[in-house]
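Hydrogens, waters and symmetry mates are skipped; everything else that's a heavy atom, side chains included, is used.
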Amino acid sequence: MVAVIDYGAGNLMSVKNALDYIGAESEITADSEKIKSASHVILPGVGSFGDAMASMNAKGLTDTVKDAALSGKPFLGICLGLQLLFKSSEESEGVSGLGVLPGKIISIPQNLGLKVPHIGWNSVSVKQKDGIFKDIPNESYFYFVHSFYLDGADDRDVAGVTKYGVNIQCAVQKNNLCATQFHPEKSGKIGLKLLENFLNLEG
């Protein structure tokens with residue numbers, strides 16, 4: 001069973017609908033025991049870094065989510081769910097994230113002549129051809145909605161990179177701990193393929 005974590009912020013139903021479409025058993029839940037017992041865990045996210053962490057803390061889920069990310073079972077962060085895996089974000093100074101991976105979340109520069117937030121389709125240069133990107137062609141297009149991005153991650157963890165005025169580390173994968181800045185559930189067939197690859201990961 002896939003636990004889609006409900007911590008009070010996130011694109012929950014779109015993720016659930018995508019999982020339903022590919023035939024995966026899933027449940028939207030804020031129950032720590034269900035998250036602990038799930039075979040796979042997804043941390044979605046839409047909104048601000050600070051509000052998300054405040055909501056997660058208020059629901060008493062922070063340790064549960066961190067433990068799930070470090071447990072070795074397949075774990076996928078989506079959009080803000082990627083950013084929350086890191087220690088901090090320029091979006092919410094002084095707010096501590098989960099800090100399970102090295103790297104920093106910084107803002108897309110406003111002086112590049114590009115619209116911020118970045119909304120739309122971008123191609124992804126695949127750096128890890130196994131795991132969530134198995135059998136996905138290099139430079140496939142995925143759907144993005146964000147104003148902040150990951151930089152300075154460990155090169156060994158970076159699974160995908162895109163460019164929007166700056167180089168954006170848009171996917172990470174360390175063993176079964178995975179995350180994407182883009183929305184696979186909104187990225188058509190190629191996004192569904194990535195979710196299927198995630199489901200095929202074994203803890």
Side-chain angles (χ1 to χ4, degrees), residues 5 7-12 14-15 18 42-56 65 69 75-128 131-133 136-174 177-188 190-191 194-195 198:
I5 299 174
Y7 59 96
N11 49 318
L12 300 174
S14 57
V15 173
I42 295 179
L43 179 67
V46 172
S48 80
F49 188 96
D51 288 347
M53 285 307 306
S55 181
M56 196 182 298
V65 175
F75 183 104
L76 177 64
I78 297 176
C79 194
L80 181 61
L82 173 145
Q83 296 178 15
L84 296 173
L85 294 174
F86 296 85
K87 186 176 181 180
S88 62
S89 171
E90 287 185 356
E91 182 177 22
S92 304
E93 297 289 353
V95 175
S96 295
L98 298 171
V100 298
L101 289 171
K104 55 187 178 180
I105 305 301
I106 60 178
S107 59
I108 298 174
Q110 301 277 345
N111 60 352
L112 301 175
L114 299 170
K115 290 183 178 180
V116 179
H118 167 212
I119 301 175
W121 296 82
N122 263 59
S123 62
V124 172
S125 176
V126 176
K127 303 301 181 184
Q128 294 188 31
I132 57 174
F133 283 106
I136 290 179
N138 191 36
E139 303 300 335
S140 291
Y141 279 77
F142 293 88
Y143 188 77
F144 290 78
V145 183
H146 64 121
S147 299
F148 297 83
Y149 70 99
L150 170 62
D151 184 54
D154 189 319
D155 285 341
R156 294 169 295 183
D157 299 341
V158 177
V161 175
T162 193
K163 190 172 181 66
Y164 190 72
V166 291
N167 289 322
I168 293 171
Q169 296 171 332
C170 65
V172 294
Q173 182 170 265
K174 183 176 183 179
L177 174 55
C178 314
T180 64
Q181 182 61 65
F182 54 80
H183 288 272
E185 80 284 1
K186 297 180 180 179
S187 296
I190 207 73
L194 187 144
L195 289 175
F198 169 68

For the student: nearest non-hydrogen atoms of F49 and G97, plus distance:
CZ-CA, 3.6 Å

Partner set under side-chain hydrogen bond (donor to acceptor under 3.5 Å, both in side chains) for N122, not counting sequence neighbours
H118, T162

Those residues at least two apart in sequence (or on a different chain) that pass side-chain hydrogen bond (donor to acceptor under 3.5 Å, both in side chains) with Q128 are Q173

Which residue pairs pass the side-chain hydrogen bond (donor to acceptor under 3.5 Å, both in side chains) test when at least one of the two sits in residues 150-159, sequence neighbours left out?
D154-R156

Locate the shortest heavy-atom distance separating I5 from P44; write the atom from each residue and the value.
O-CD, 3.6 Å

If you compare all heavy atoms of P137 against all heavy atoms of I190, which two are closest, and at what distance to 0.1 Å?
CD-CD1, 3.9 Å

Taking ring-ring contact (aromatic ring centres under 6.0 Å, His included) as the test, write out the residues that go with F182, two or more places apart.
F142, F144

Atom CG of L43 and atom CZ of F75: how far apart are they, to the nearest 0.5 Å?
4.5 Å

How would you list, by chain and number, every residue that makes a side-chain hydrogen bond (donor to acceptor under 3.5 Å, both in side chains) with D51, sequence neighbours excluded?
S48

More than 12 foreign heavy atoms under 6.0 Å from NZ of K115: is that the case here?
no

Test: ring-ring contact (aromatic ring centres under 6.0 Å, His included). Region: residues 81-100. Which pairs qualify, not counting sequence neighbours?
none

Given 3.5 Å as the limit, does a donor-acceptor pair link the side chain of E185 with the main chain of A18, or not?
no

Heavy-atom pair of closest approach, residues Y149 and Q181:
CA-OE1, 4.3 Å

Got a second to check how far I168's CD1 is from F148's CZ, nearest 0.5 Å?
12.5 Å

If you round to the nearest 0.5 Å, how far is CD1 of I78 from CD1 of I42?
5.0 Å

How close do P109 and V116 get, counting heavy atoms only, and between which atoms?
O-CG2, 3.9 Å

For residues 86-105, which residue pairs pass the salt bridge (Lys or Arg N to Asp or Glu O under 4.0 Å) check, not counting sequence neighbours?
none

By side chain to side chain contact (heavy atoms under 4.5 Å, CB included) - contacts of Y141 (at least two apart):
W121, S123

What residues form a side chain to side chain contact (heavy atoms under 4.5 Å, CB included) with V46, not counting sequence neighbours?
N11, H183

Nearest-0.5 Å distance that lies between atom CD1 in I105 and atom CG in L82
6.0 Å

Checking Q110 now: which residues fulfil side-chain hydrogen bond (donor to acceptor under 3.5 Å, both in side chains) with it, not counting sequence neighbours?
none

So do the side chains of C170 and T180 get within less than 4.5 Å of each other, counting heavy atoms only?
no

Closest contact, heavy atoms only, S147 versus P117:
OG-CB, 3.1 Å

Just jot down the side chain to side chain contact (heavy atoms under 4.5 Å, CB included) partners of S55, sequence neighbours excluded, or say none.
K59

Side chain to side chain, L195 and L76, heavy atoms closer than 4.5 Å:
yes

Who pairs with V100 by side chain to side chain contact (heavy atoms under 4.5 Å, CB included), at least two apart in sequence or on another chain?
K66, A69, L70, L85, L98, L177

Hey, are the side chains of S187 and L194 touching, using non-hydrogen atoms and a 4.5 Å cut-off?
no

